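Since the structure comes first, as structure tokens, the remarks are kept for the end.
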There are 2 protein chains.
Amino acid sequence: MVDRQFLLSPKQMPRKWYNIAADIGPTPPPLNPATQQPCGPQDLAAIFPDPIIMQEVSTDKWIDIPEEVLDILAMWRPTPLYRATRLEAALGTPAKIYYKYEGTSPAGSHKPNTAIAQAYYNKISGVKRLATETGAGQWGCALSLATQMFGLECTVYMVKVSYQQKPYRKSLINAWGANIFASPSENTSYGRKVLAEDPDCPGSLGIAISEAIEDTVTSKDTKYALGSVSNHVLLHQTIIGQEAKLQMEMAGAYPDVVIGCVGGGSNFAGIAFPYLEDKMSGKSPNLRAVAVEPKSCASLSTGEYRYDFGDTAQMTPLFMMYTLGCEFVPPSIHAGGLRYHGMAPLVSLAFHKKLIEAMSYPQTAIFPAAVLFARTEGIVPAPESSHAIKCAIDEALAAKETGEPKTILFNLSGHGHFDMGAYDMYFSGKMTDAG
Amino acid sequence: MVDRQFLLSPKQMPRKWYNIAADIGPTPPPLNPATQQPCGPQDLAAIFPDPIIMQEVSTDKWIDIPEEVLDILAMWRPTPLYRATRLEAALGTPAKIYYKYEGTSPAGSHKPNTAIAQAYYNKISGVKRLATETGAGQWGCALSLATQMFGLECTVYMVKVSYQQKPYRKSLINAWGANIFASPSENTSYGRKVLAEDPDCPGSLGIAISEAIEDTVTSKDTKYALGSVSNHVLLHQTIIGQEAKLQMEMAGAYPDVVIGCVGGGSNFAGIAFPYLEDKMSGKSPNLRAVAVEPKSCASLSTGEYRYDFGDTAQMTPLFMMYTLGCEFVPPSIHAGGLRYHGMAPLVSLAFHKKLIEAMSYPQTAIFPAAVLFARTEGIVPAPESSHAIKCAIDEALAAKETGEPKTILFNLSGHGHFDMGAYDMYFSGKMTDAG
């Protein structure tokens with residue numbers, strides 16, 4: 001019997017986050033949209049508490065994870081790492097495929113890794129309520145869980161198309177006690193403006209971010225929490241890759257290629273950045289890291305590297321990133337968590353420096369990979385995570401062509417329990433690449 | 001930081017199942033309904049393969065788990081055991097509450113523990129297809145997963161009210177490639193008979209069992225698989241309690257009371273039987289084991305101990321068990337997995353011998369406990385499992401009254417990701433005890 005499960009004990013949980021900003025070289029600063037000058041910490045004070053701002057601009061290589069955060073993370077971490085022996089056999093590949101599984105969190109994805117940390121830092125800063133946006137709902141679930149754990153209130157603006165496609169993510173957010181609005185909503189002046197122009201607007205992450213930020217800056221004791229893109233969010237996700245490195249050691253393996261899906265970029269950064277440390281330090285110069293995008297919203301593959309707003313209403317600072325333009329409204333694909341016009345500045349910089357690769361797939365290519373995975377490895381994956389599965393399968397099939405015993409590692413960022421409507425659509429034969 | 005997570009390594013997974021039939025004394029045999037004589041193995045041959053029949057009638061205390069079964073169980077086992085520190089704090093109880101969490105299986109419940117074993121034994125016996133019934137869908141999901149792992153076909157008859165309440169369990173069954181019918185269905189003569197009498201019949205487990213058995217005995221290369229009740233099913237679930245015992249040792253604790261919800265009885269047996277071994281051997285004579293039922297379908301609490309059929313069409317053997325009568329159709333409560341008129345003969349015998357206790361709750365008492373659990377421990381529980389949570393909370397509150405530092409262990413048999421409609425109903429204030 002081949003070992004297929006690699007588990008760490010709770011005591012092996014990493015105690016520090018890895019900050020790639022310390023190694024990747026000068027990072028273009030965000031700009032104040034009014035002055036076009038680099039943002040100082042004070043520009044972020046309206047939406048983030050001080051400890052988050054300090055992490056956002058930090059160049060310290062290692063940052064301590066507070067005990068209070070570890071205590072909550074220990075509700076499900078360390079997460080398992082598996083070898084996909086049954087998928088390998090189905091593909092007939094000489095490649096070894098490993099995956100880190102983040103779906104064991106109560107919210108079913110990697111998102112609580114940063115939600116817990118953000119809720120904690122807001123709590124100790126005296127904040128009473130957090131406002132946020134969510135695409136497919138994973139982030140809204142994660143933040144409602146996290147705020148509940150620390151006794152904070154929470155308001156979630158959920159992209160309307162996902163609110164309708166995934167009603168039970170909304171129920172889950174309710175179960176954890178947060179308030180939720182379909183975005184664009186009547187709850188903000190920006191939401192009302194969008195609805196006046198297009199009452200049927202399906203929403204987008206960019207629009208929902210604008211609503212959450214407006215709610216934040218117009219309310220008392222309220223701060224904003226972001227589920228991806230920002231430096232501090234990517235930082236908090238590096239616990240994934242650090243655990244994975246320990247587990248790959250247990251397996252006696254080191255990856256030739258590390259794969260993650262990208263929307264805003266945080267789960268990819270979580271698994272890849274600790275390996276990029278090795279690549280940058282010369283330990284694994286040939287390691288490949290592949291960011292997998294949906295074809296209909298492929299900011300790395302088809303966007304421009306330039307300063308752009310993080311939201312549609314142009315309320316955020318300008319970030320140096322690969323972008324499709326902040327006014328871009330992606331098609332209503334089922335991988336709602338990947339529908340974002342931009343890309344995390346640190347992931348963008350890594351791509352610009354050719355430290356990582358990017359590729360993209362249409363959703364009609366994603367679901368056959370998801371079903372093959374479910375029928376071999378058992379776990380029904382989220383549509384977002386299935387982009388990484390598809391890429392891992394293609395890498396394994398390429399290895400079959402060349403006979404190369406490649407080692408592949410991907411991040412299975414979440415399960416698909418709240419995405420079964422998408423599977424129904426796929427099985428009905430009615431799914432198109434337009435959404 | 002108090003340890004709250006107790007994890008075993010894959011190598012610590014139990015290698016044998018515990019068969020309580022060896023210890024509990026003579027068990028009343030099932031009777032052939034035609035002759036009223038004890039069933040021989042040949043009476044079961046129409047629906048079960050030989051290795052399953054041998055387990056059903058075995059009085060060997062320990063039965064080896066085949067390597068092929070362990071290999072698939074290792075996709076998610078060993079499962080975690082947690083200390084509910086945050087729930088304890090919310091209750092202000094001196095009691096220590098531990099729970100074994102079976103929701104990490106791909107199907108989200110304990111059911112795959114036996115589904116994998118049954119699929120394996122059918123596979124090596126040359127069977128090509130399994131037919132089964134499912135209540136809330138957990139068992140149907142588990143068997144479709146298991147048959148997919150071993151390359152068998154699968155047909156699932158799902159109780160109609162659950163088919164309608166929980167559409168995404170149906171989607172999950174589809175994702176793993178099984179065929180599924182809402183029961184009563186037009187696919188069997190018994191289903192057609194029921195529909196002719198009552199076209200709006202919500203179905204019941206008893207009716208669905210009749211359909212699955214009819215499908216089995218009228219088809220080639222087809223056997224039947226049962227998700228609870230039978231001796232071999234309870235046997236396969238004892239891996240839960242054996243792991244829990246190792247994990248409680250890691251925690252330096254031994255339970256005063258072990259709690260599980262009961263429908264057919266298998267998850268309760270899974271956690272409790274290995275502890276009943278200790279009780280019967282004199283190691284823990286004062287250990288209490290509590291089976292928790294829904295008030296509207298409380299076979300132990302309100303049924304009679306007598307021979308009765310396992311199904312509504314009276315096609316199965318007669319079992320000596322606590323029963324509400326095989327023609328009883330329970331109200332359409334949200335804990336669909338507990339809607340069964342009878343109780344596993346081995347659980348019934350343990351209750352008859354006063355080795356275990358029983359209690360029951362209406363569903364309006366269950367959901368507040370479920371929400372408290374979600375908001376403290378993070379995991380959103382299945383309505384079925386929430387019966388055990390409610391009982392654990394009441395035991396902890398009783399300990400608070402008396403000041404007793406009681407140790408409580410319960411089985412959290414599954415998550416509620418496919419039960420969010422029930423939570424919506426609860427939050428809407430429209431839930432009643434009638435369903």
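All values reported here derive from a predicted model rather than from experimental measurement. Chain letters run A, B, ... following the sequence lines, proteins first, then strands; residues in each count from 1.
Heavy atoms of B:Lys170 lying under 4.5 Å from chain A are absent altogether. Using a 4.5 Å cut-off between heavy atoms, A:Arg169 does not touch chain B at all. Residue contact with chain A, scored on non-hydrogen atoms closer than 4.5 Å, involves the side chain of B:Leu145 exclusively. In this structure, chain B has heavy atoms under 4.5 Å from both the backbone and the side chain of A:Leu172.
Taken from OG1 in B:Thr85 to CE in A:Met75, the straight-line distance is 7.5 Å, to the nearest 0.5 Å. The line from OG of A:Ser9 to CE of B:Met250 is 8.0 Å long, rounded to the nearest 0.5 Å. Expressed to the nearest 0.5 Å, how far OH of A:Tyr168 lies from CG of B:Asp424 amounts to 6.5 Å. To the nearest 0.5 Å, the span separating OG1 on A:Thr104 from OH on B:Tyr101 amounts to 9.5 Å.
Side-chain contact between B:Met420 and A:Asn174 is absent, with no heavy atoms from C-beta onward closer than 4.5 Å. Contact of the B:Met149 side chain with the A:Thr376 side chain is not registered, since no non-hydrogen atoms from C-beta on lie closer than 4.5 Å.
Using a 4.0 Å cut-off between charged side-chain N and carboxylate O, A:Arg4 and B:Asp71 make no salt bridge.
The backbone N or O of B:Val380 sits nowhere less than 3.5 Å from a side-chain atom of A:Trp176 that would complete a donor-acceptor pair. In this structure, B:Tyr423 contributes its side chain and A:Ala175 its backbone to no donor-acceptor pair below 3.5 Å.
The two residues A:Arg375 and B:Gln148 have their closest heavy-atom pair at O-CG, 3.4 Å. Across all non-hydrogen atoms, the minimal contact from A:Arg77 to B:Gln5 is O-NE2, 2.6 Å. Taking every heavy atom of both residues into account, A:Pro106 and B:Gly378 meet most closely at CB-O, 3.4 Å.
The environment of NZ in B:Lys160 is crowded: more than 12 heavy-atom neighbours from other residues, nucleotides or ligands sit within 6.0 Å.
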